[in-house]
Amino acid sequence: MDKILEALVSSSHSVPVKKAIVKKVVEAAEKEVTAEQCQALYTLTTRLIFLGEDAFQKQVGFQVLEAYARYHRADFELFFSKDFVLGLLQQGYGPLDRKDPAVVDYIHGCLRLLISCPSVLDIFSIIQTEILRMVCERPEPALCACLATMLSDFVQCIPREKAAILFCQQLVRTIGYFHCPASQEQELREYVDQVTKVSTLLQNIWKAEPVTLLPSLQEVFAIISSTDPSFDPSIALASLVQHIPLQMITVLIKSLTTDQNVKDTSMTQALCRMIDWLSWPLAHHVEMWVIALLKGLAAVQKFTILIDVTLLKIELVFNRLWYPIVRQGALVVLSHMLLSFQHSPEAFHLVVPHIVDLVQSLKRDGLPTSKAFLLHFTELVHCMMYQYSGFPDLYDDILEAIKELPGPGEEKIKLVLNQSAWTSQSNSFASGLLRLPGKSETGKTGLVNLGNTCYMNSIIQTLFSATDFRRRVLSLHLNDATANTLMKKLQLLFTFLSHTQRAAYAPRVFFEASRPPWFNAGSQQDCSEYLRFLLDRLHEEEKTIQVLMSAKPNVVSPGNGPSDDTGGETSAEDAGVSPVAPVEGKSEGNDERTLIERMFGGRLSTGIRCMTCNSVSEKEEPFTDLSLAFCPSTTSSPLQTEGPSEEPRGPCQGAVNGGSEAPEIGPSSKPVTASTTGVHFVPGSSEPPLSVPDLVDYFLAPEILDKENAYFCQKCGSLQRAERGMRVVAAPEYLILTLLRFSYDAKCHVRRKILDNVTIPPLMRLPVYAPPPKHSSSSSSPPSSPLQVDSPESSENLAKKLKPSDVGVWPAAQFVSYVLSSVVMHSGMSSESGHYYSYGRNLNGADGAQHHLANPLALGEESGNGQTEPIALTCSGATHPKQEVEEVCGGQPAGDWLLFNDSRVTFTSLGSVQNVTNRFPKDTAYVLIYRKQDVTGGQNSTGGVTANGMRLGSEPPLQKELMDAVTKDNKLFLQVREGVPPCRRLSFLSLNTGHGGVTQPLA
């Protein structure tokens, strides 16, 4: 026997010889062997198992040990005693460390040989204690996998009762320390297999002893919610999720989200790490737990956590879509995160740059699973682009990549979007304070959406882009008496837009002050209605101040500029009145018009001619904008009318989201063709698209009053057929045009959007007529104080309001040139929903005033006989060469335009403005602002110099109080961004005095 043992250990024999020796040894196990020989054999085979030179020797050791232990069990029981097992677990074997997986494998194999022996119970007890100690020492995955295998076979070794709870908790924590440094596929597979064995052990324990489950899950949450920067839990914890009963999701999530002891920072960490679990290849139901936690946090209004985690992890979730094994779960989470994050496009725009590459990869894949996945993914993308419209430059490549794939209809999109939203904009604003990015590359400031306030944001940005208006507002000297006026708040708002360091400003104070009383906060509204209300408020405020100041004995006229402070006189500036420059034939000293009148005010003359006696009635009225209707026969959504085309249009076209159903201005009826305008509205898709001048021509075209709308002629003393026409008699500095894009469908009783593309020329000429001389018998109405035009579309016949007067022949029209300043777009398919964004550019007032058009426009054109013929009253787009257009528009046609979409401001081009509807049919121009161009080469019509001596071509210097306000807020912004503790930050409450009621930080 001794020689046989030596032969086993010897390495000089060949493998066939060794196999023959092993066979002899195993056969000899059936024979009588002394106890001493058995002990020696057990010792030798154990040494081979632990310290064998190669795998063959270790295998031989196990075979021989197993053979002799079966035939000589009593001797083996003496050898494999509890003391021997304890020594192995505490000290290892010779040079072999106790943490070596071979130790556990050896014990596992020996337990199989002693399973029927009484002494094994003592060994089980030893193992229960030692294995708990081993788990607390955070063993490596390989050792844990060996332990899990042994404990799965011998559940008697698993600690019991309270020790079982502790064991599960410590095993969970041990998994949290697992890390796989391997990069080879085989090593990664082994690591995943090891983790799976450990998680399966925990599953078996939870089933056998349910009392251990909840403490284990609490330990999981404690691990993933840890804010210790030195500890990064392993995503191997994801392997446990599939073993948690799904029925516990609701109870556990509610318990976590309502626990007052759980801090927001801990919850944020936990959610981030759960999202990381999506990378674990074999985990099931992770997406269900992630979404359950997201919904739970939304239920308790933890929106700050949701916003921060979404922005932090959305790109990681998107990247999981590249891996088929985790793709489906990642898409579920990505869909929920994007569809619930509906207050801002920020999250979606983080993944936009990666969408095209993924779509192209899935197309090339060609697998059925990839095709099905691609359909679901593109549906999500369509929903996001619908929700966050107004970014044509971002979405062009995406639309091109998915154009061949079917997309969802609008009703399906709305259904999807309504299912997942978890927050409102007012809640998201608080989180915005935590992330304080700097300005975009444009250097411009966006406006925070305060809750469906895109209608206000787009209007503010267009007014801010009106350079002359902005500069005049900023140059106003408003005293303490005007601290609470809307103009003061607008001045502060423009100051922040000009000088803040923030990427986006939250105009809360201005919103509350300027919101029409009938506008419900948080609801979608019409931007054109808001613009009219805002301008009227500013106008009436200044009128009121002028009246109050004129009642004082020593006050200079409100239109006058500053004078020397002598004799106790107070200037108009100190009185809170705008120092504005004169226009068209009025000297600065006697022009008492308000700033709104100077910048946006024009005048219309409406004349009615009786077609029986040719008597004429004329009425003049002011306007701040022209509401341009679409000709019924040219619209893709025709207006519903009854009777012949000559009958007046009823109140069938209106504004968006709460705007008046009736048109603000315009004829109640116009023939389809108007020979005097030279415009022919012929339906049919083959015709070129309508242009803005076409709509202006239609607005100004004469119309017939007949039948039930017949005109009551005072001269005839009866109702007569008459012709009514309108002419612009005073052109505004800024021409505001509103396109009435919504028609009433009488069959369905709904308002439908007119999606016709309207060409937007960069230059436009407006026919303006000097008022004809009036006789003393003229009954023209005097100007009214409000700037809004009384709608000619009243249900009463306008003829009853107007009295005939002898009006002389109108002189020829003078064409006034306008250059495009800004455009407000409405994105959506109906008047009750959608989104506003705007395009704008800064037009330098001085440059615009001094630039000459190559071909100045005369009052008339010379006929062949040398006589000057009147020009037809057609509004037209300028047809100057491209180079000249670029010069007039600022010299930088590709970079001088900006796209304003709430908080986001990006560079764009004039071409993008003009082509956006071609690319995105539901994005249509709604409000346009054109700025008057001077063609005489003289000073700007508003005056080359303001009342305080400042030229229009430069930005006005900030007054001290405005400079103090923006400087303090910039300091606060920098302190917050740099992590200055709140106790050391600048108190912004000091801005309460003299700054339009600002009492809170502005982001």
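Side chains included, hydrogens not; waters and symmetry mates left out as well; all remaining heavy atoms used.
Between the side chain of R609 and the backbone N or O of V616 there is no donor-acceptor pair closer than 3.5 Å. With hydrogens and angles ignored, the 3.5 Å screen pairs a side-chain donor or acceptor of T594 with a backbone N or O of E597. At distances below 3.5 Å, not a single donor-acceptor pair connects side-chain atoms of E621 with backbone N or O atoms of L604. Side-chain N or O atoms of Q491 include one that pairs as donor or acceptor with a backbone N or O of L476 at under 3.5 Å. Formation of a donor-acceptor pair under 3.5 Å by the R471 side chain with backbone atoms of P956 is not found in this model. Of the possible donor and acceptor atoms, none in the side chain of R727 sits under 3.5 Å from a partner among the backbone N and O of L700.
With values rounded to the nearest 0.5 angstrom, I736 atom CD1 is found 4.5 Å from I929 atom CD1. We find the CG-CD distance between L766 and Q814 to be 10.5 Å, quoted to the nearest 0.5 Å. Here CD1 of I754 is found 10.0 Å from CG of L739. Values are rounded to the nearest 0.5 Å.
Every residue two or more places apart in sequence or in another chain was checked for a ring-ring contact (aromatic ring centres under 6.0 Å, His included) with Y930, and none qualifies. For S458, the side chain to side chain contact (heavy atoms under 4.5 Å, CB included) partners two or more places apart in sequence, or in a different chain, are C527, V824, Y836, S838. The side chain to side chain contact (heavy atoms under 4.5 Å, CB included) search around T544 returns L548, not counting sequence neighbours.
Proximity of M599 to R472: side-chain heavy atoms (C-beta onward) are separated by under 4.5 Å at one or more points. Side-chain contact between Y698 and L628 is absent, with no heavy-atom pair separated by less than 4.5 Å. Considering only heavy atoms from C-beta on, S822 stays 4.5 Å or farther from F900 through its side chain. In this structure the side chain of M456 reaches within 4.5 angstrom of the side chain of P507, judged on heavy atoms. Contact annotation: the side chain of S627 never approaches that of F699 to less than 4.5 Å [non-hydrogen atoms, C-beta and beyond]. V758 is not listed as a side-chain neighbour of D694, based on a closest heavy-atom distance of 4.5 Å or more. Side-chain atoms of T738 and R532, non-hydrogen and from C-beta on, do get closer than 4.5 Å to each other. Counting heavy atoms from C-beta on, the side chains of P517 and F533 come closer than 4.5 Å.
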Test log, rule side chain to side chain contact (heavy atoms under 4.5 Å, CB included), inputs L595 and E542 = CA-CA 8 Å; L595 176 60; E542 189 171 347; 3.6 Å; yes

Verdict with supporting geometry, Y837 and V916, side chain to side chain contact (heavy atoms under 4.5 Å, CB included) | CA-CA 12 Å; Y837 60 96; V916 63; 3.6 Å; yes

Stepwise, does the side chain to side chain contact (heavy atoms under 4.5 Å, CB included) test hold for L447 with L493?
-> CA-CA 10 Å; L447 289 169; L493 173 57; 4.3 Å; yes

Residue pair F511, I460: steps toward the side chain to side chain contact (heavy atoms under 4.5 Å, CB included) verdict | CA-CA 10 Å; F511 171 68; I460 290 175; over 6 Å; no

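Closest approach of A629 and L695 over heavy atoms only: O-CD2, 3.8 Å. Counting all heavy atoms, side chain and backbone alike, L735 lies closest to M764 at CD2-CE, 3.7 Å. Shortest non-hydrogen contact noted between F496 and T445 is O-OG1, 4.2 Å. For the pair Q959 and L478, the tightest heavy-atom approach, listed with the atom from each and the gap, is OE1-N, 4.4 Å. Across A466 and Y734, no two heavy atoms sit closer than the pair C-OH, 3.5 Å. In terms of heavy atoms, V729 sits closest to S605 at CG1-CB, 3.7 Å.
Y530 and S514 share a donor-acceptor pair across their side chains, judged by distance under 3.5 Å alone.
By the 4.0 Å N-to-carboxylate-O rule, K488 lies close enough to E961 to be salt-bridged with it.
Between Y455 and F519, a ring centre-to-centre spacing shorter than 6.0 Å is recorded.
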